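Structure below; questions to follow.
Quick caveat: nothing in here was measured; it's all calculated off a predicted structure.
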Protein chains: 2
Amino acid sequence: MKKVERRGLAGDAADRIRDAILDGTFLPGAALREVELAATLGIGRGAVREALASLEHEGLVQSEWHRGTRVTDVTPEVAEEVYTLRATIERLASTLAAQRATPAELAELDDVVDRMAAAVESGADAVDLLALDIEFHDRVYRAARHRRLSEAWLALRSSVRLCQLTRIRLGRAGYRGLVVDEHRELVELLRGTASKRLARVAEEHVLGAMTALTKDLTPEPEVQQS
Amino acid sequence: MKKVERRGLAGDAADRIRDAILDGTFLPGAALREVELAATLGIGRGAVREALASLEHEGLVQSEWHRGTRVTDVTPEVAEEVYTLRATIERLASTLAAQRATPAELAELDDVVDRMAAAVESGADAVDLLALDIEFHDRVYRAARHRRLSEAWLALRSSVRLCQLTRIRLGRAGYRGLVVDEHRELVELLRGTASKRLARVAEEHVLGAMTALTKDLTPEPEVQQS
DNA sequence: GCTCCTCCTAATGTCGACATTCGGACAAGT
DNA sequence: ACTTGTCCGAATGTCGACATTAGGAGGAGC
């Protein structure tokens, strides 16, 4: 059995607010007022404060002394920071996962990739594909069995989603079929013993995503003029 | 001019508590009671709560639902997690610093290494050497100019100090002269363009420290018997 | 003697009230 | 016209009181 996780209101509140940010209820740059959120969620301001502190630690929001909290807006610079850091961490996660993953965990990774392939085949939504992508990497980190590393991923994960979602929102996006192949290659390498190559591919997998992302996020040259 | 940093009580409280943990006022495993701390520091419980949340994010303390917060105790497992993660992050930091460091920053690194050498020469305290070691790496991260990466280091730094300090407290320790040479090599590589070699050396620099650390932290086989 | 149940205590979780701070609007001075 | 000073509204920062919970002490039942 898996132990039940008991959390306070702050944890729930953080989840709600995070979801609201990720599904576009709060757009980048929007102000998150404590009293307002407290009223909306039906909880006290203390819990909201704690939740916002969590989200700040995840990089989803930024707050300044006595100036409130607002949703981080996704600039190419932010995307570059998030993805370079993620690439580095992913390198370690893959290496560890290759050493420690059980056959069952590897099989589950296969399953996720199959579901991704099916989703691409049936022309599924880009958001659904993104969810599968993230699930894949969640499982890799779990297989790595490294508490602090998993926490680092949890902190980055929200930012990764936010980056990809704004990209999708911009209409660019287009999850190519390439994604499926890349993940399938990763699973194969996790099964093998070519740790050097695995580390390189895992890192490049993320950096490749970054390249596509920053390019799409860079605002097109304005034609309009004042 | 450098902008003044305005923080609330929580920030100050976090610093005080962190220092208290690092200088041994609160030993690993000790309970940190909110009311007690609030009374000691002369502030409200809210601020203390916020401070403890920060420290938990740094990995210095752990808290459970309705069971309070206690100082993380340094096991070889913790040390291994902290140092493997640090090695990975340091690899990126060094690579970026090599690309972005100004000549002034590199000169300051030289200065730190010189001070380390002088300290070793004059048989200084292990704690002082540790401070210089950390200052060196602080500067590397600053030169890397990567906000999220720096934050990741800030979060790990306290744990690194805690690990090293308990090691010193155990009497093992003994900062060897080797440390000076290693840092001097790092600066040279930062000046050069051999980025692959730099990445490897930076990573191994940390992993080497880990090996010494985990060995010293592993409790000696008990002779006593029940 | 062992288990289970009930209470009790000490701590954390939660909340709303009050204090502090920011930034803009507006007016006065140069 | 530009700067400077003051006021004001709205938000966050801070605090103590109250609600809830965990874990142990103690007794009843077997």
What about A:Arg6, does its side chain sit under 3.5 Å from the base of C:dG13 through a donor-acceptor pair?
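Checked by distance alone, the answer is no.
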Nearest-nucleotide pick for B:His66, side chain only, options being D:dT20, D:dG13, C:dC15
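The closest nucleotide is D:dT20.
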Rounding to a whole Å, what distance do you find between A:Leu41:CG and C:dT14:P?
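That distance rounds to 13 Å.
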Identify whether any heavy atom of B:Arg7 sits under 4.0 Å from a base atom; if not, whether one sits that close to sugar-phosphate; answer base, sugar-phosphate or nothing.
nothing
Gap between atoms CD and P, on B:Glu34 and D:dA17 respectively (whole Å)
16 Å
Within this structure, what is the CZ-to-C1' distance between B:Arg70 and D:dG23, rounded to whole angstrom?
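So the two atoms are 12 Å apart, to the nearest Å.
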May I ask you to say what B:Gly8 touches in the nucleic acid, namely base, sugar-phosphate or nothing, with a heavy-atom cut-off under 4.0 Å?
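Sugar-phosphate, no base atom in range.
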Starting from the 5' end of DNA chain C, give me the residue, B:Val35 or A:Gly46, whose nearest nucleotide shows up first.
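Comparing both residues, the 5'-ward one is B:Val35.
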When the distance from CZ of B:Arg67 to C1' of C:dA10 is rounded to whole Å, what number comes out?
14 Å
Figure out the CG/C1' separation between A:Leu37 and D:dA11, and round it to whole Å.
13 Å
Would you find a donor on one side and an acceptor on the other, under 3.5 Å apart, between the side chain of B:His183 and the backbone of B:Val179?
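The answer is yes, because a donor-acceptor pair under 3.5 Å joins these two groups.
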Does a side-chain N-to-carboxylate-O contact under 4.0 Å join A:Arg18 and A:Asp15?
yes
Would you indicate what A:Leu32 reaches in the nucleic acid, counting non-hydrogen atoms under 4.0 angstrom: base, sugar-phosphate, or nothing?
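The residue A:Leu32 makes sugar-phosphate contact but no base contact.
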Categorize B:Gly68 for me: base, sugar-phosphate, or nothing, with a 4.0 angstrom heavy-atom threshold over every strand shown.
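Counting heavy atoms under 4.0 Å across all strands, the contact made by B:Gly68 is with sugar-phosphate only.
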Starting from C1' on C:dT12, measure out to CG on B:Leu52 and report it in whole angstrom.
11 Å
Among side-chain atoms of B:Arg167 and B:Gln164, is any donor-acceptor pair under 3.5 angstrom?
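Side-chain D/A pair, B:Arg167 to B:Gln164: present.
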When B:Val71 is tested against each of B:Leu32, B:Leu27, B:Thr25 for side-chain contact (heavy atoms from CB on, under 4.5 Å), which residue passes?
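It is B:Leu32, the one option of B:Leu32, B:Leu27, B:Thr25 that forms the side-chain contact (heavy atoms from CB on, under 4.5 Å) with B:Val71.
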Counterpart residues, ring-ring contact (aromatic ring centres under 6.0 Å, His included), relative to B:Phe26 (two or more places apart)
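Here no residue qualifies.
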On DNA chain C, check which nucleotide each of A:Ile43 and A:Trp65 is closest to and give me the residue with the more 5' one.
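Taking each residue's closest nucleotide, the earlier one in sequence belongs to A:Ile43.
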Nearest-Å distance for atom pair CZ/C1', residues A:Arg45 and C:dT20
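Between C1' of C:dT20 and CZ of A:Arg45: 12 Å.
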Listed nucleotide nearest any side-chain atom of A:Ala47, set D:dA11, D:dT14, C:dC15:
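Minimum distance to the A:Ala47 side chain belongs to C:dC15.
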d(CG, A:Asp12; P, C:dG13) in whole Å
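The distance from CG of A:Asp12 to P of C:dG13 comes to 14 Å, rounded to the nearest Å.
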Which of these nucleotides, D:dT14, D:dG13, D:dT12, is closest to any side-chain atom of A:Arg49?
D:dG13
